Amino acid sequence: MLSSSHFGRRLLPALLLSLFAAGASAQSFRVQCPPGTKSHPAAVPNATYSTFTQLGRTDGLLNPTPAMANTGIKCQQISGGDGFVTMGDGVQTYLFGFGPLSGLADMARGRPGTQRALDFNLSNLDFSDSLYIGAPVDQTSQTVPTTYTFNGAVGLVPDVEANNGTGTAGAPLTGHVDPRLIMDVGVMNANQPAPMMAIDEDDEFFLTLTNVGQVMRPDLFEQHTVHFHGYPNASAFYDGVPDASIAINIGGSFTYYYLAPEAGTYFWHCHISPPEHLQMGMVGQIYVRPRQNRVPLGHSLYASLAGGSGLLGADASGQQSDLRTKCGTDILCATPLPPANLVVQTTNPRTGQPQMYAYNDGDGSTRYDVEYPIQIMGFDPNFHFVGMTFNPESFIDNKDKFFLLNGRSYPDTINPGPLSTQASDGTPHFSQPLPTVINIPQGGKALLRFSDLNVTEFHTLASIGIPMHVVGFNARLLRDLDGNNMDYYTNSITLGGGESVDVILDATNITGPQKFYLYTPQLDHLSNDAENFGGMMTEVNILSCNPASFNPLTKKCI
C-alpha cells in the first residue's frame with residue numbers, strides 16, 4: 001500500500017501521462033539489452049539454437065537465459081526531464097537533466113550505473129513497489145542500506161502480448177515496459193551531474209533514453225538526444241546530432257548503440273539547443289577501461305596487447321589482432337604499442353585485486369590503486385531561474401556563480417551520503433549522488449578522471465603536496481607514434497569546456513594518515529555564489545589502511 005506522501009508523487013506522473021498524444025502509449029517506452037550478439041554471443045549450450053536473440057523466443061527454440069548473457073554487453077537506461085538540485089549555500093536550482101532508470105543501487109553509492117545484461121534484465125514484478133520511490137538513504141548514517149540492491153531496468157515487465165495474451169506467468173522479457181513505473185521514477189528525476197557510465201574496451205553498449213517531459217515547463221515540447229562528445233568511430237545514426245540522426249520526443253524511448261574501441265575519459269550531453277541544455281545540466285561523464293585490465297596474472301602486458309596469444313579472450317585477443325585498433329595500418333593510430341618489456345600483470349597488494357591501468361600502456365606506467373571521476377561544472381542561477389519562469393534566456397549575460405565538482409560545492413563535496421533536495425511532496429530526492437572526497441592508501445596512487453562540462457569558463461585545479469602525473473589528455477594516452485612517453489608531472493591542470501585529462505595523484509612517498517586538498521586557485525571559483533569558502537575544492541586523505549576499510553563518517557580506518 002502506498003503512503004499518502006507517495007500519492008502526490010504518483011499522481012503527477014499519471015496526469016502527465018494523460019496529456020501525452022496517442023503515440024505515447026505503452027508501446028512508446030521500450031528498453032533493449034540483448035543477452036548476446038554476433039560479436040558477443042550468449043553462452044547457449046546447444047549450438048543449433050540462436051545465441052544472439054533477445055530474451056524470449058516465440059518459435060519454441062531454447063532461449064538464452066539471463067545467466068547465459070555475455071559479459072561483454074553492457075546496458076543502461078536514463079530519463080530526460082527536469083528537476084532540482086541544492087547548491088552549497090542552500091539555494092535550490094532548477095535544471096533540465098538526465099536521471100537514472102537503471103543501476104539505482106550502484107548510483108546511490110556513487111558508482112557508474114552501467115550494468116551487465118544479467119543485472120539489467122530483471123522483471124520489476126519480482127521486486128517490492130517501494131523500490132521505485134528511489135534509493136532510500138539512512139538519515140542517521142547518510143549511507144544507502146545494504147538491503148537496497150535493485151540495479152535492473154525500471155519498468156521492465158514480462159511481455160504479455162509475446163505470450164499470446166495468456167497472462168504474465170512465463171511471459172518473456174522482450175523490452176516491454178510498464179510506463180507507470182517509468183513515470184513514477186523518471187519525472188522530476190534529473191541528476192546533477194547526469195548518470196555516470198563506465199564500460200570496458202570491446203564492450204557493446206546499449207543505452208536507452210526515455211523522454212518523460214518537463215513538469216515545470218509544460219509549454220516546452222523538448223526533444224532530447226545523447227551525443228558522446230569525442231567518442232571515436234561513432235555511427236552518425238547514433239551520434240545524437242538531430243540534423244544527422246534522430247531526436248526523442250516526449251513519451252518515447254530510443255536505444256543508442258556503441259562499440260567501445262578505445263580507452264579514455266569522455267563526456268556526453270544532449271545535442272538539442274546545446275548552449276541551453278548544457279548550461280541547464282544535461283551533461284555527464286563516460287569512461288572506458290582498457291583491455292589491459294583483463295590480462296591474466298603472470299602474463300606480459302605487452303604480449304597480450306600485441307595479440308596472437310588469445311590471452312584476453314576470443315573476442316578481444318589483442319590490439320594488434322583487431323583491425324579496429326591495429327597500429328601500422330593507419331597513420332592516425334591513436335594508441336601505439338610501447339617498446340617491448342617484461343612487465344607482467346600482478347595482484348595489487350593494497351586491494352587484493354588484479355592491477356588496474358588507465359590506458360593500454362604495456363609498461364605499467366598508468367597503474368593506479370583507486371580511481372575517482374571528477375566532473376567540473378558551473379551554474380548561473382539567474383539563467384536557471386529564468387528558464388523555469390517562462391522567460392527568454394539571455395545567453396550574452398550568462399555568468400556562472402556556483403562552481404561544482406560532481407554537482408556539489410565544498411563542503412558538500414566531502415559528504416559521504418547523497419545530497420538531497422526536498423521534493424514537492426516533502427520527501428527527499430537524491431539528485432546529486434556523487435561525492436568527491438579522495439582516499440588514497442598509504443604509498444598508493446589515485447587515478448582522477450577529469451571532465452570539464454562547463455560551457456562558459458576555463459577551470460584550473462591544483463594539488464599542493466601530492467604530484468599530479470598527467471598520463472592522458474582528451475581520451476588519448478600521452479605517447480607519440482614512436483611509442484615514447486610524453487607524460488609529465490605538475491601541480492595544476494587547466495581545462496576548457498569539453499576537454500578531459502587523466503591524472504594520477506602519486507602518493508608513493510607519502511606516509512599516512514595525512515590530509516591534502518584539491519582546489520582551484522581561481523579565487524572567485526572558491527565560493528558558493530556570494531559566500532566564500534566553498535566552490536571547487538575537496539579533500540585528499542592519505543590512509544593507513546585500505547580505502548574499503550575507511551569509515552567516511554568518522555574519517556578513520558576501521
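Given the structure is predicted, the values throughout are model-derived calculations rather than measurements.
For F98 and W268, the distance between ring centers is under 6.0 angstrom. In this structure, the ring of H229 has its center less than 6.0 angstrom from the ring center of F267.
Taking CD1 from I199 and CD1 from I286, the interatomic distance works out to 4.0 Å, rounded to the nearest 0.5 Å.
Using cut-offs of 30° and 60° on the angle between ring planes, the pair Y517 and Y410 is perpendicular. Aromatic ring orientation, F403 versus H459: perpendicular (interplanar angle above 60°, classes split at 30° and 60°). Below 30°, between 30° and 60°, or above 60°: for F254 and F237 the angle between ring planes is above 60°, a perpendicular geometry. Between F96 and H277, the ring planes are perpendicular. Angles over 60° get that label, and only those under 30° would be called parallel.
Side-chain contact between N541 and I438 is absent, with no heavy atoms from C-beta onward closer than 4.5 Å. Residues T436 and R408 have side chains not in contact (no heavy-atom distance under 4.5 Å, counting atoms from C-beta outward). Taking the side chain as every heavy atom from C-beta outward, L101 and I182 approach each other to under 4.5 Å. Put simply, the side chain of Y372 does not reach to within 4.5 Å of the side chain of N406, judged on heavy atoms. Between M282 and E276 there is no side-chain heavy-atom pair separated by less than 4.5 Å. Taking 4.5 Å as the limit, every side-chain heavy atom of P381 sits out of range of all side-chain heavy atoms of M87.
Side chains of D178 and N124: a donor-acceptor N/O pair is absent below 3.5 angstrom, by distance only. Judged purely by distance below 3.5 Å, without hydrogens or angles, the side chains of Q76 and S102 never pair a donor atom with an acceptor atom. In this model, a donor atom of one side chain and an acceptor atom of the other lie less than 3.5 Å apart for S409 and N528. Between the side chains of S451 and S500, no donor-acceptor pair is found at a separation under 3.5 Å. D400 and T456 share a side-chain donor-acceptor pair at under 3.5 Å.
With hydrogens and angles ignored, the 3.5 Å screen pairs a side-chain donor or acceptor of T114 with a backbone N or O of A198. Between the side chain of N398 and the backbone N or O of F383, no donor-acceptor pair lies under 3.5 Å. Without hydrogens or angle criteria, Y287 side chain to P373 main chain gives no donor-acceptor distance under 3.5 Å. Here the side chain of T520 pairs a donor or acceptor atom with the backbone of T460 at under 3.5 angstrom. Between the N211 side chain and the E222 main chain, a donor and an acceptor come within less than 3.5 Å of each other. Using a distance-only test at 3.5 Å, with no hydrogens or angles considered, no donor-acceptor pair links the side chain of E457 to the main chain of G378.
Exactly one residue among Y256, Y266, Y258, Y238 makes a ring-ring contact (aromatic ring centres under 6.0 Å, His included) with F228. That residue is Y258.
Within 6.0 Å of atom OH in Y257, more than 12 heavy atoms from other residues, nucleotides or ligands are found, so the atom counts as buried in its surroundings.
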Between R30 and H176, does the side chain to side chain contact (heavy atoms under 4.5 Å, CB included) criterion hold? Intermediate values first, please. CA-CA 6 Å; R30 305 282 292 187; H176 173 86; 3.7 Å; yes
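With salt bridges taken as basic N to acidic carboxylate O contacts below 4.0 Å, none links K399 and D380.
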